[in-house]
Amino acid sequence: MHKKCVVIFGPTAVGKSDLAYQIAQYCKTEIISADSRQCFRELNIGVAKPDNAMLKNIPHHFVNSHSIHDTMNVKVFFDYCKHTLATIFKTTDTAIIVGGTGFYIDAILNGIQDLPIIPLSIKQNIQHNVNASGKQWLQKQVEEKDPVFFAHADKENTHRLQRALEFFDATQQSITLFKEKKTRLPEYDFILFNVNKERQMLYQQIDQRVEIMMKSGLLEEAENLLQYQQIENLQTIGYKELFAFFNAECSLTTAIEKVKQHSRNYAKRQITWFNRYTNAHYITPNSSIEQLKHLFDMNAKS
RNA sequence: GGUGCGGUAGCUCAGUUGGUAGAGCAAGGGACUGAAAAUCCCUGUGUCGGCGGUUCAAUUCCGUCCCGCACCA
């Protein structure tokens, strides 16, 4: 009998957190967030964390667990998740995972590549060169050093090219050689819920939530983080647009419209990603907790 | 009322020395192997403000009208 992971995913603002909370209460267990931004304790309003009452009643892991100054990536998340699941399963048979970061969800379901760590100095060195010499330099470097990767690479995608170059400089090997080597979670039973709703309604809800965030003090929260606006972990919807306002690049009204727009764009990308999990149960946030319980019990038995 | 500048894709605009048009953003679809709320790819027919005129042909030139904006009265 395997331990069970209920994995709830879907676009931003669809209502995942509430569903996770309810099912966690039903199963008397804890929640792990698969969200690349809610883990930062410096980010609150703009990142739509569960409210304090929820956080108090049910332990939420990977929420407020890190600082924006920590390095954060799928590997950090994966290790954290693996360890936390092991701990939860010491006392119960079920855990809830909820989040909108597709890449992190995929790490849980399909594992991650087992790769060496790239020294920070190499990353910084390449970043410096890219800033100075541009994309052409990057493309040329990758083409010369890792032609195998380059042949199939998206040549315009600087992040991917940069990663491949970092990897090569650190190991003298092509990252493509590590494609099949995967580290996986132990054998758990996954019960997948893909939460979605009608597109127009979703977008409406996103817009409304941005308004609420502004009323709750998002502007002030962003202003306090202004000095850190360059760091990677703050390339975050809801903050970067307000930074632009503080930098006098646009009006506040424009900035808020951009937050809404980028949130909608993001939701669309999430939906595209999650469509790959065809074995998931498609549910709407209106699905009653009774339905969820039923689906859970059905899967728990089998 | 006069003068000037505008009126082109949902928005901001480019352009056509006359042969019915194209970028960015939006929107839609897709990808995604340690930045992933990131990054990237694909998709552009719209009475080129209305009506007349010149022309083989007008969104482009001319006239006129309508609508913005600015300045002058």
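So you know, we letter chains A, B, ... as the sequences are listed, proteins then strands, and number each from 1.
- Within 4.0 Å of A:Ile175, counting heavy atoms only, lie sugar-phosphate atoms of the nucleic acid but no base atom.
- Side chains of A:Asp35 and A:Thr101: a donor-acceptor N/O pair is absent below 3.5 angstrom, by distance only.
- Residue A:Thr101 is in sugar-phosphate contact alone, with no base atom involved, counting any heavy-atom pair closer than 4.0 Å across all strands shown.
- Contacts of A:Gln162 with the nucleic acid, taken as non-hydrogen atoms under 4.0 Å apart, include base atoms.
- Heavy atoms of A:Tyr104 sit under 4.0 angstrom from primed sugar atoms or phosphate atoms, though from no base atom.
- Straight-line distance between the P atoms of B:rA73 and B:rC13: roughly 29 Å, to the nearest whole Å.
- A gap of 15 Å separates the P atoms of B:rA9 and B:rG15, to the nearest Å.
- Taking atom P on both nucleotides, B:rC42 is separated from B:rG50 by 34 Å, rounded to a whole Å.
- Rounded to whole Å, atom C1' of B:rA35 lies 10 Å from atom CZ of A:Phe103.
- Remark: A:Lys260 engages A:Glu257 in a salt bridge, criterion side-chain N to carboxylate O under 4.0 Å.
- Rounded to whole angstrom, the span from the CG atom of A:Asp106 across to the P atom of B:rA38 amounts to 18 Å.
- Rounded to whole Å, the separation between the P atoms of B:rC65 and B:rU45 comes to 35 Å.
- Counting only N and O atoms by type, the side chains of A:Glu30 and A:His60 include no donor and acceptor under 3.5 Å apart.
- Whole-Å rounding puts the A:Asp35 CG to B:rA37 C1' distance at 8 Å.
- The aromatic ring of A:His159 sits over the base of B:rA35, with ring centres less than 5.5 Å apart and planes inclined by under 30°.
- The C1' atoms of B:rU20 and B:rC56 are separated by 15 Å, rounded to the nearest whole Å.
- The side chain of A:Lys258 has B:rC25 as its nearest neighbour among B:rC25, B:rA36, B:rA37.
- Taking for each of A:Gln261 and A:Gln270 the nucleotide of RNA chain B with the nearest heavy atom, the 5'-most of the two is the partner of A:Gln261.
- A donor atom on one side chain and an acceptor atom on the other are not found under 3.5 Å apart for A:Gln22 and A:Tyr26.
- For B:rA38, the base has no donor-acceptor partner in the side chain of A:Arg37 [N/O atoms by modelled type, under 3.5 angstrom].
- Judged by the 6.0 Å and 45° rule, A:Lys155 forms a cation-pi pair with A:Phe150.
- Side-chain N/O atoms of A:Asn131 and A:Gln127 include a donor and acceptor closer than 3.5 Å.
- Nucleic acid contact for A:Gly238: none, since no nucleic acid atom lies under 4.0 Å from a heavy atom of the residue.
- One can place NZ of A:Lys155 at 13 Å from C1' of B:rC41, the figure rounded to the nearest angstrom.
- For B:rA27, one of the phosphate oxygens OP1 or OP2 lies less than 4.0 angstrom from a side-chain nitrogen or oxygen of A:Arg264.
- Using a 4.0 Å heavy-atom cutoff across all strands shown, A:Arg269 reaches at least one base atom of the nucleic acid.
- Contact annotation: A:Thr272 side-chain N/O to B:rG30 OP1/OP2 distance is under 4.0 Å.
- When the C1' atom is compared between B:rA21 and B:rU47, the two are found 14 Å apart, to the nearest whole Å.
- Under the 4.0 Å criterion applied to side-chain N and carboxylate O atoms, A:Asp93 and A:Lys3 are assigned as salt-bridge partners.
- Among residues two or more places apart in sequence or in another chain, the side-chain contact (heavy atoms from CB on, under 4.5 Å) test is passed with A:Gln205 by A:Lys197.
- Side-chain proximity of A:Trp273 to the nucleotides B:rG34, B:rA36, B:rA31 is greatest for B:rA36.
- Nucleic acid contact class of A:Val47 (heavy atoms, under 4.0 Å, all strands): base.
- In this structure, A:Arg276 is positioned above the aromatic face of A:Trp273, its NZ or CZ under 6.0 Å from the six-membered ring centre and within 45° of the axis.
- Nucleotides of RNA chain B nearest to A:Lys240 and A:Asn265 differ in position, and the one nearer the 5' end is that of A:Asn265.
- Residue A:Ser36 has a polar side-chain atom (N or O) positioned under 4.0 Å from OP1 or OP2 of B:rA37.
- Looking at the side chain of A:Lys268, the nearest of the listed nucleotides B:rC41, B:rG34, B:rG29 is B:rG29.
- Residue contacts for A:Glu166: at a heavy-atom cut-off of 4.0 Å it reaches no nucleic acid atom on any strand shown.
- Comparing B:rG34, B:rC41, B:rU39 against the side chain of A:Arg163 picks out B:rG34 as the nearest.
- Here B:rA37 is the nucleotide among B:rC32, B:rG34, B:rA37 with the atom lying nearest to any side-chain atom of A:Ile237.
- Syn is the conformation of B:rG34, whose glycosidic angle sits no further than 90° from 0.
- Secondary structure note: stems in RNA chain B built from 3 or more consecutive Watson-Crick or G-U wobble pairs under 3.5 Å occupy B:1-7 with B:66-72, B:10-13 with B:22-25, B:27-31 with B:39-43, B:49-53 with B:61-65.
- To the nearest whole angstrom, the two C1' atoms, one in B:rU17 and one in B:rA58, are 14 Å apart.
- To the nearest whole angstrom, the two C1' atoms, one in B:rU59 and one in B:rG49, are 11 Å apart.
- Counting any heavy atom pair closer than 4.0 Å across all strands shown, A:Lys260 reaches no nucleic acid atom.
- Within the nucleic acid shown, A:Tyr203 comes within 4.0 Å of sugar-phosphate atoms alone, with no base atom in reach, counting heavy atoms only.
- To the nearest angstrom, C1' of B:rA35 lies 16 Å from NE2 of A:His69.
- Remark: aromatic rings of A:Phe62 and A:Phe77 are close, center separation under 6.0 Å.
- A:Arg276 comes within contact range of at least one nucleobase, with a heavy-atom separation under 4.0 Å.
- For A:Asn275, taking side-chain heavy atoms from C-beta onward, the closest of the listed nucleotides B:rG30, B:rC32, B:rA38 is B:rG30.
- The nearest whole Å value for the distance from the CG atom in A:Asn157 to the P atom in B:rA38 is 13 Å.
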